[in-house]
Peer 1: 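I'd like to ask some things about the structure below.
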Amino acid sequence: MPDLRLHNSLTRQKERFEPLDPAHVRLYVCGPTVYDLAHIGNARPVVVFDVLSRLLRRLYPRVTYVRNVTDVDDKINARAQQSGEPIGAITARTLADYHADMAALGALPPDVEPRATAHIADMIAIIERLIASGHAYAAEGHVLFAVGSFPRYGALSGRPPDEMLAGARIEIAPYKRDAGDFVLWKPSSDDLPGWDSPWGRGRPGWHIECSAMSWRYLGESFDIHGGGADLIFPHHENELAQSVCAFPGSGFARVWVHNGMLLVNGEKMSKSLGNFLTVRDVLARGPAEAARLLLLRTHYRASLDFSDFAFAEARRELDRFYRALERRPAPPADTVPESVLEALCDDLNTPLAIARLHELADAALAGDAPASAALRAGGGMLGILQQDPSAWFRGGPDAAAIEARIAERQAARRARDFVHADAVRQALEQEGIVLEDGPAGTTWRRA
RNA sequence: GGUCCGGUGGCAGAGUGGUGAUGCAGCGGACUGCAAAUCCGCGUAUGUGGGUUCGAUUCCCGCCCGGACCUCCA
């Protein structure tokens with residue numbers, strides 16, 4: 001079994017992964033803020049960390065994967081105000097949609113999916129600890145984290161605190177001691193969600209929930225913290241500062257893993273730019289499995305330019321894999337080939353793992369049944385190639401009607417009426433159905 | 001402006017201090033009634049200028065280009 005090596009954003013180096021407790025690996029990933037449909041950029045970390053969790057489960061006896069749900073947030077409040085829909089309804093509906101979309105992309109649910117609103121007491125407990133230890137202060141109903149109290153502030157994002165503020169385009173609230181201080185707790189007016197606290201009725205700042213929920217489910221120190229690269233600053237920097245100051249001596253997350261951004265036409269996909277493509281949009285254009293493969297064809301830390309062309313290409317690649325599986329049916333096997341495991345263990349090199357799958361597909365097409373079994377098992381590590389090839393090629397409605405027309409063509413061919421036979425072929429081709437004549441008869445697939 | 005990341009064939013995309021993976025597309029051939037698929041074969045790439053080295057795509061420096069973060073963001 002190869003050693004797992006991961007790139008740690010904290011050290012900016014690839015390091016050998018050594019769990020705090022080899023009997024129990026703990027992973028925390030930042031999840032969605034539930035106010036709108038997930039876009040394909042939101043799906044990238046889900047798919048990436050799904051692969052990481054599958055790999056960890058293969059390598060270690062027990063893994064706890066926590067992914068939070070942010071269900072208290074000013075974007076949610078704004079959405080509710082704008083549409084008139086109650087906050088609870090928005091978050092419940094959006095979370096259900098999120099679950100459906102991520103399941104369609106083949107992502108397994110995390111072990112724990114805690115919601116921020118269910119952990120207000122944990123957040124208050126951490127804030128109290130921070131105040132007691134001099135790392136936070138209350139001012140005008142707010143509680144702020146004092147960045148000056150934490151010398152290592154800026155280490156994760158690589159920004160010395162003073163420089164960090166020079167170009168910041170934020171208006172500095174007058175009650176802040178230091179321009180970089182950030183909100184742990186803020187007051188809520190009556191029309192906004194709020195909870196009673198030692199500082200009055202209010203709601204949490206953005207970062208504190210992750211400190212609270214990771215603490216609650218994984219402890220003061222855990223192994224891996226994941227999320228999008230855009231979260232490094234300020235979210236993860238702040239989270240790290242809060243947690244380490246609240247629990248002195250703890251290391252918080254040992255390894256920080258960040259996925260690169262998804263681009264559309266060379267620009268970052270983001271809600272503010274309005275150029276986002278929802279997972280739904282993507283699923284309407286092609287198979288979910290092709291979307292998943294597309295997300296894994298690029299190394300997770302690199303940026304990935306989403307395009308229809310790449311989506312179609314991913315689909316053709318899957319055609320090849322499923323063709324190999326169909327030609328050489330293999331019993332289910334869960335012996336993941338070493339070549340695939342080795343690629344994944346090298347900082348989750350999914351593009352290389354996919355290249356290794358192609359080697360197996362070649363062997364399977366040449367008649368090697370064990371290679372076919374290995375292909376399916378290796379695909380399983382990536383969360384692909386688990387469906388029946390027949391469903392991949394011929395799934396969907398109208399199968400019976402298509403079969404009937406193929407039979408009609410076969411009759412024509414037997415009668416050597418090739419004009420009629422070709423007319424049927426062409427008609428089906430117009431409908432996106434490709435026929436393949438072989439020694440065992442004619443088979444078909446959707447192009 | 002500050003910090004960081006990256007520039008590999010037509011496209012996508014890995015690895016590597018010493019003959020440059022893999023896929024898609026393209027071309028030629030085999031196979032096929034015709035196709036499709038498959039198989040065989042072919043071609044084309046390391047942004048740029050220096051440095052280190054016997055040798056650099058790989059390490060170092062400058063430059064150019066692209067992107068991210070510094071504000072909600074996956």
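Naming: A, B, ... by sequence-line order, numbering from 1 per chain. Since we're looking at a predicted model, the values are computed, not measured.
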Peer 1: Can you find a side chain N or O atom of Arg320(A) that sits less than 4.0 Å from OP1 or OP2 on U38(B)?
Peer 2: yes
Peer 1: Going through the distances and angles, do His119(A) and Tyr217(A) end up as a ring-ring contact (aromatic ring centres under 6.0 Å, His included)?
Peer 2: CA-CA 11 Å; His119(A) 297 82; Tyr217(A) 295 99; 5.4 Å; yes
Peer 1: Answer yes or no: does a side-chain N or O of Thr298(A) lie under 4.0 Å from OP1 or OP2 of G13(B)?
Peer 2: yes
Peer 1: P atom, G6(B) versus C61(B): distance in rounded Å?
Peer 2: 13 Å
Peer 1: Determine the Euclidean distance between corresponding P atoms of C4(B) and G18(B); express it in Å to zero decimal places.
Peer 2: 29 Å
Peer 1: Could you check how far NZ of Lys176(A) sits from P of U71(B), rounded to whole Å?
Peer 2: 10 Å
Peer 1: So, do Phe418(A) and G33(B) meet the stacking rule of ring centres under 5.5 Å and planes under 30°?
Peer 2: yes
Peer 1: Give Glu317(A) one of three labels, base, sugar-phosphate or nothing, depending on what nucleic acid heavy atoms sit under 4.0 Å from its own.
Peer 2: sugar-phosphate
Peer 1: Touch check for Arg315(A), heavy atoms < 4.0 angstrom, all strands: base, sugar-phosphate only, or nothing?
Peer 2: nothing
Peer 1: Distance check, C1' atoms only: U57(B) and U8(B), in whole angstrom units.
Peer 2: 8 Å
Peer 1: Where the side chain of Arg26(A) meets the backbone of Leu218(A), is there a donor-acceptor pair that is under 3.5 Å apart?
Peer 2: yes
Peer 1: Counting only heavy atoms from other residues, nucleotides and ligands, does the tally under 6.0 Å from CZ of Arg416(A) exceed 12?
Peer 2: no
Peer 1: Between G2(B) and C59(B), how far apart are the P atoms? Round to whole Å, please.
Peer 2: 25 Å
Peer 1: Could you state the atom-to-atom distance from CZ of Arg297(A) to P of C24(B) in whole Å?
Peer 2: 10 Å
Peer 1: Taking any strand in view, what nucleotide pairs with G28(B) in a Watson-Crick or G-U wobble way, both distances under 3.5 Å?
Peer 2: C40(B)
Peer 1: Quick one: which of C11(B), C34(B), A74(B) gets closest to the side chain of Met261(A)?
Peer 2: A74(B)
Peer 1: Counting the atoms with a prime plus P, OP1 and OP2 as sugar-phosphate, which does Arg44(A) contact under 4.0 Å by heavy atoms, base, sugar-phosphate, or nothing?
Peer 2: nothing
Peer 1: Can you check the distance between C39(B) and U44(B), where both ends of the measurement are the C1' atom (answer in whole Å)?
Peer 2: 23 Å
Peer 1: Could you tell me how far apart Leu262(A) (CG) and G67(B) (P) are, to the nearest whole angstrom?
Peer 2: 15 Å
Peer 1: Quick check for you: among G23(B), A74(B), G13(B), whose closest atom lies nearest to any side-chain atom of Pro351(A)?
Peer 2: G13(B)
Peer 1: Counting only Watson-Crick or G-U wobble pairs whose two distances fall under 3.5 Å, which nucleotide matches G6(B)?
Peer 2: C65(B)
Peer 1: Paired with U52(B) by Watson-Crick or G-U wobble geometry, both distances under 3.5 Å: which nucleotide is it?
Peer 2: none
Peer 1: Which part of the nucleic acid, if any, lies within reach of Arg445(A) when heavy atoms closer than 4.0 Å are counted: base, sugar-phosphate only, or nothing?
Peer 2: sugar-phosphate
Peer 1: Output the rounded distance in Å from CZ (Phe233(A)) to P (A74(B)).
Peer 2: 17 Å
Peer 1: Mind checking whether Asn68(A) and Tyr28(A) have side chains closer than 4.5 Å, heavy atoms only?
Peer 2: yes
Peer 1: Once you round it to whole Å, what is the distance between P of U22(B) and CG of Leu318(A)?
Peer 2: 19 Å
Peer 1: Could you check which of C11(B), C70(B), A74(B) has an atom nearest any side-chain atom of Pro234(A)?
Peer 2: C70(B)
Peer 1: Considering only atom C1', compute the distance from A30(B) to A45(B) and round it to an integer number of Å.
Peer 2: 30 Å
Peer 1: Looking only at the side chain of Thr33(A) (C-beta and beyond, no hydrogens), which of the listed nucleotides A74(B), G33(B), U38(B) gets closest?
Peer 2: A74(B)
Peer 1: Closer to the 5' end of RNA chain B via nearest nucleotide, is it Asp422(A) or Ala302(A)?
Peer 2: Ala302(A)
Peer 1: Give one of base, sugar-phosphate or nothing for Gly438(A), where a contact means two heavy atoms less than 4.0 Å apart.
Peer 2: nothing
Peer 1: Could you please name the partner base of A45(B), counting Watson-Crick and G-U wobble pairs only when both distances are under 3.5 Å?
Peer 2: none
Peer 1: Between G41(B) and U22(B), how far is it from one P atom to the other, in whole Å?
Peer 2: 12 Å
Peer 1: Is it the case that over 12 heavy atoms from other parts of the model lie below 6.0 angstrom from the CZ atom of Arg93(A)?
Peer 2: yes
Peer 1: Can you tell which of U38(B), A37(B), A74(B) lies closest to the side chain of Leu365(A)?
Peer 2: U38(B)
Peer 1: Under 4.0 Å between any heavy atoms, over every strand shown, what does Asp74(A) touch: base, sugar-phosphate, or nothing? Just pick one.
Peer 2: nothing
Peer 1: Are side-chain heavy atoms of Ile120(A) and Pro204(A) found at a separation under 4.5 Å?
Peer 2: yes
Peer 1: Does Arg54(A) reach the main-chain N or O of Gly380(A) with its side chain, forming a donor-acceptor pair under 3.5 Å?
Peer 2: yes
Peer 1: When rounded to the nearest Å, what value does the distance between C1' atoms of G62(B) and G43(B) take?
Peer 2: 36 Å
Peer 1: If you only use heavy atoms from C-beta on, which nucleotide in A36(B), C34(B), A74(B) is closest to the side chain of Val434(A)?
Peer 2: A36(B)
Peer 1: Short question: side chain of Arg292(A), backbone of Leu382(A) - any donor-acceptor pair under 3.5 Å?
Peer 2: yes
Peer 1: Base, sugar-phosphate, or nothing: which does Asn349(A) touch, judged by heavy atoms less than 4.0 Å apart?
Peer 2: sugar-phosphate
Peer 1: Is any N or O donor-acceptor pair between the side chain of Arg425(A) and the base of C34(B) shorter than 3.5 Å?
Peer 2: yes
Peer 1: How many whole angstroms separate atom CG of Leu156(A) from atom C1' of U3(B)?
Peer 2: 13 Å
Peer 1: When all nucleic acid strands are considered with a 4.0 Å heavy-atom cut-off, which category describes Ile232(A): base, sugar-phosphate, or nothing?
Peer 2: nothing
Peer 1: Quick check for you: to the nearest 0.5 Å, what is the distance between Trp392(A) atom CH2 and Leu385(A) atom CG?
Peer 2: 9.0 Å
Peer 1: Just to be sure I understand the rule, does His258(A) reach a base, reach only the sugar-phosphate, or reach nothing, if contact means heavy atoms closer than 4.0 Å?
Peer 2: nothing
Peer 1: Taking any strand in view, what nucleotide pairs with U19(B) in a Watson-Crick or G-U wobble way, both distances under 3.5 Å?
Peer 2: none
Peer 1: Base, sugar-phosphate or nothing for Leu357(A)? Non-hydrogen atoms, less than 4.0 Å.
Peer 2: nothing
Peer 1: Toward the 5' end of RNA chain B, which comes first, Ala310(A) or Glu359(A), by nearest nucleotide?
Peer 2: Ala310(A)
Peer 1: Is there side-chain contact between Ile433(A) and Arg446(A), with at least one heavy-atom pair below 4.5 Å?
Peer 2: yes
Peer 1: Please tell me which of the listed nucleotides, C34(B), A36(B), A74(B), lies nearest to the side chain of Arg409(A)?
Peer 2: C34(B)
Peer 1: If I take atom CD in residue Glu313(A) and atom P in nucleotide G10(B), what distance separates them, rounded to the nearest angstrom?
Peer 2: 15 Å
Peer 1: With heavy atoms under 4.0 Å as the rule, sort Gly227(A) into base, sugar-phosphate or nothing.
Peer 2: sugar-phosphate
Peer 1: Rounded to whole angstrom units, what separation is found between the CG atom of Asp305(A) and the P atom of G66(B)?
Peer 2: 15 Å
Peer 1: Return the nearest nucleotide to the side chain of Leu263(A); candidates are C34(B), C69(B), G67(B).
Peer 2: G67(B)
Peer 1: Select one nucleotide: of U22(B), A36(B), C34(B), the one nearest the side-chain heavy atoms of Asp437(A).
Peer 2: C34(B)
